[in-house]
Amino acid sequence: MKIEISGKGGSGKSTLSVLMARSLAKLGYRVLLVDGDESNVGLEALAGISPPVHLLEYLGGKKGFKEKLNQQMMMDNPAGVFSGKQKIRDLPGECMASSDGVDLLIIGKIHHFGEGCACPIGILSKKFLSSIELGEKEIIVMDT
């Protein structure tokens, strides 16, 4: 099951995401808490988890991700990066951090003013979510 939490800024999405993730973990689910909010940097602190390497950074940052995406497109693979089905266990270990039965993955962040468009983060979020295949008793809770 994939659960996306969305809403207006300051409405409590991050708090709800962490509470849901912890509650589901206590019920015996493997929970992947995904931080898909490109501007809010507080989810890992709220969850009490040290931040892992951001997935976008792991893929080479905005520039490296765009290059990988373009290479895949040229190779007659219009789906690009994360085009096949992925399992949680297939995700890069550097991009995962855990605490109290909850795994955290951060898609990417805008770190400073004037850094540019958040579009690559949105594209990566979409590709990640559409390619991930969950097993029995696995749940993704995504804070947007």
Side-chain angles (χ1 to χ4, degrees), residues 1-73 75-112 115 117-144:
M1 179 184 318
K2 298 173 188 174
I3 302 168
E4 182 177 313
I5 309 298
S6 61
K8 187 176 176 182
S11 64
K13 296 179 299 294
S14 297
T15 301
L16 180 60
S17 297
V18 169
L19 291 172
M20 284 183 72
R22 289 224 173 116
S23 295
L24 290 164
K26 286 180 183 175
L27 291 173
Y29 289 92
R30 177 172 188 188
V31 181
L32 178 60
L33 178 59
V34 178
D35 185 348
D37 186 338
E38 72 276 349
S39 59
N40 186 0
V41 295
L43 186 66
E44 67 271 5
L46 191 60
I49 302 174
S50 296
V53 173
H54 297 186
L55 187 57
L56 184 65
E57 295 306 316
Y58 177 83
L59 295 171
K62 286 182 181 179
K63 184 178 178 184
F65 174 63
K66 286 179 189 177
E67 288 171 3
K68 283 179 176 58
L69 199 56
N70 288 338
Q71 286 172 348
Q72 293 294 324
M73 297 288 271
M75 294 170 52
D76 241 358
N77 182 1
V81 177
F82 286 115
S83 59
K85 290 297 178 186
Q86 319 293 318
K87 302 272 188 195
I88 292 175
R89 68 174 177 265
D90 299 329
L91 298 172
E94 305 92 308
C95 297
M96 305 272 284
S98 301
S99 178
D100 297 326
V102 174
D103 295 319
L104 173 67
L105 176 98
I106 300 172
I107 300 291
K109 296 290 177 191
I110 298 291
H111 298 287
H112 57 275
E115 184 177 324
C117 180
C119 297
I121 298 168
I123 291 167
L124 182 55
S125 291
K126 182 178 179 180
K127 289 194 165 296
F128 168 75
L129 281 176
S130 64
S131 74
I132 197 86
E133 192 171 77
L134 298 174
E136 189 76 19
K137 301 282 282 185
E138 290 183 333
I139 294 180
I140 289 178
V141 176
M142 183 166 183
D143 177 21
T144 58

Given the rule in the side chain to side chain contact (heavy atoms under 4.5 Å, CB included) test, do Leu91 and Asp103 qualify, once you have shown the distances and angles that lead to the verdict?
CA-CA 11 Å; Leu91 298 172; Asp103 295 319; over 6 Å; no
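- Distance OG1/Thr15 to CE/Met20: 13.0 Å, rounded to 0.5 Å.
- Here the straight-line distance linking atom CE of Met96 with atom CG of Leu105 works out to 6.5 Å at 0.5 Å rounding.
- Between Gly48 and Ser99, the shortest heavy-atom contact is O-OG, 3.7 Å.
- The two residues Pro120 and Phe65 make their nearest non-hydrogen contact at O-CE2, 3.6 Å.
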N/O donor to acceptor pairs below 3.5 angstrom from side-chain atoms of residues 137-144, sequence neighbours left out:
residue : atom : partner : partner atom : Å
Glu138  : OE1  : Gly135  : N            : 2.6
Asp143  : OD2  : Ser14   : OG           : 2.6
Thr144  : OG1  : Ile5    : O            : 2.7

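- Between Ser98 and Ile49 the shortest heavy-atom distance is N-CG2, 4.0 Å.
- Considering CG of Leu134 and CD1 of Ile88, their distance stands at 5.0 Å, rounded to 0.5 Å.
- Arg30 places no side-chain N or O within donor-acceptor distance of the main-chain N or O of Gly101, the cut-off being under 3.5 Å.
- With respect to the salt-bridge test (charged N to carboxylate O, under 4.0 angstrom), the residues Lys109 and Asp35 qualify.
- Annotation: side chain of Ile3 is in contact with side chain of Leu24 (closest heavy-atom distance under 4.5 Å).
- Across Lys85, Lys87, Lys2, a single residue satisfies salt bridge (Lys or Arg N to Asp or Glu O under 4.0 Å) together with Glu133, and that is Lys87.
- In this structure, the side chain of Ser11 engages the main chain of Lys8 through a donor-acceptor pair within 3.5 Å.
- The minimum heavy-atom distance linking Ile106 with Pro51 is given by the pair CD1-CB, 4.1 Å.
- Taking each heavy atom of His54 and Gly108 in turn, the nearest pair found is ND1-CA, 4.0 Å.
- Distance check: Gln86 CD to Phe128 CZ gives 8.5 Å after rounding to the nearest 0.5 Å.
- Here the straight-line distance linking atom OG of Ser17 with atom CG of Leu104 works out to 11.0 Å at 0.5 Å rounding.
- A salt bridge does not link Asp37 with Lys13: none of the charged nitrogens is closer than 4.0 Å to a carboxylate oxygen.
- To the nearest 0.5 Å, atom CG of residue Leu124 and atom SG of residue Cys119 are 12.5 Å apart.
- Shown here for Ser125 and Ile107, the closest heavy-atom pair between the two residues is OG-CG2, 3.5 Å.
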